[in-house]
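Please read all numbers here as calculations on a predicted model, not as lab measurements. Note: hydrogens, waters and symmetry copies are ignored here, and every other heavy atom, side chains too, is used.
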Amino acid sequence: MWGTMRQRVSYLALSRTRPVVYASRSYASGPKQMTVREALNTAIDEEMSADPKVFLMGEEVGEYQGAYKISKGLLDKYGPGRVIDTPITEAGFAGIGVGAAYHGLKPIIEFMTFNFSLQAIDHIINSAAKSNYMSAGQISVPIVFRGPNGAAAGVGAQHSQCFAAWYGACPGLKVLVPYSSEDARGLLKAAIRDPDPVVFLENELLYGQSFPVSEEALDSSFSLPIGKAKIEREGKDVTIVTYARMVDYSLQAAEILAKEGISAEVINLRSIRPLDRSAINASVRKTSRLVTVEEGFPQHGVGAEICMSVIEESFDFLDAPVERIAGADIPMPYAANLERMALPQIDDIIRAAKRTCYRSAPKAAAA
């Protein structure tokens, strides 16, 4: 297989690359609806069409058209030389992907779930993330590791962990987390074009969800800037910072809070590393209150980093203690009722926002 890959490297390395084009649009306004699954599929399709160095590799990405049908139609269009089915060996095909990136190709490595990326973590961290630094910039590793991350529904502890904080803690990686279809298209295109290794964390429960997509986002040159958060809803009383599926929960909570006279600003991070600290702090300096929301574990989590950033840069602007909403500090239960209890819910966000606004009893009294 590696001999075939080397031949492909020598052929494709001759093709030209396309410059990155970033779009600055913040809000989708077009009437067209697109699912997150379609957004990811079209992004990969367009990037493979534009740059012959881009290829997709992973379990069931070809003949089966992807475990979640993200790669539907790509094998028929690009053939088995660029849409490569692999054995069940994450360490093997992730390592081949990193080696191909060393030689100038642009691999997209799909993990059936990011929980299985642990089998390949040596290649992701030691082989990909650190190579540019340790080679003094001589080795570029333009590779994307993508797949579903976090809790799905009833799939147990081995399939439900959020790895945003894990990979977000590693220098050398860029870590992106799309929420909407426009996020998915724009961020995945940016990731594929980026010269650095990118961990692209999708959410299985968002794949079939439809979102409005602007005409600008449908253009093949569209991409979103890495490291820039998006204000999904403007507000003046409390800042809610979140990512992925919890953006939806936070927006629903903000709607309910608005009926009770609390104006919540919801920030969709889009990027875990680099983290848009300036956008977070600017919002907190406006609202004077902060709630962070994530599915991951509370200890050493993304929310903890956000809270520390605000304490370091905007402490004097806070009018209330920061609130941190996270998943329970346990492996994910299998039973549906316990699974729900282990994940943040809309009511949790509402209660936290009210506490920051001194509109409800404190945690100890409410327990």
Compare every heavy atom of N41 with every heavy atom of S71, then report the nearest pair and how far apart it is. C-ND2, 3.8 Å
Ring pair (Phe, Tyr, Trp, His ring centres under 6.0 Å) pairs touching residues 173-210, sequence neighbours excluded, are Y68-Y207, Y179-F211
Side chain proximity check, V141 to N132, heavy atoms < 4.5 angstrom: no
Could E47 and K106 be called an ion pair, given the rule that one side-chain N must be under 4.0 Å from one carboxylate O? no
Is R277 salt-bridged to E305, cutoff N-O under 4.0 Å? yes
Is it possible for you to say whether F116 and I125 belong to one hydrophobic cluster, with membership spreading through side-chain heavy-atom contacts below 4.5 Å? no
Would E323 and R351 pass as an ion pair if we require N to O under 4.0 Å? no
Check this for me: I88, atom CD1, are more than 12 non-hydrogen atoms of other residues, nucleotides or ligands nearer than 6.0 Å? no
When the ring planes of F163 and Y167 are compared, do they come out parallel, tilted or perpendicular, using 30° and 60° as the limits? tilted
What one should report as the nearest heavy-atom pair of C357 and D237 is SG-O, 4.2 Å
Minimum heavy-atom distance between L74 and I44, given as atom pair plus value: CD1-CG2, 3.7 Å
Got more than 12 heavy atoms from elsewhere within 6.0 Å of NZ, K286? yes
What distance separates K174 NZ from I272 CD1, expressed to the nearest 0.5 Å? 15.0 Å
What are the two closest non-hydrogen atoms of L56 and E110, and how far apart are they? CD1-CB, 4.4 Å
Looking at R289, K236, E265, E234, which one forms a side chain to side chain donor-acceptor pair (under 3.5 Å) with S283? E265
Connecting only ILVMFWY residues whose side-chain heavy atoms lie within less than 4.5 Å of each other, what is the rest of M134's hydrophobic cluster? Y133
Test: K69 cationic atom under 6.0 Å from Y64 six-membered ring centre, within 45° of axis: yes
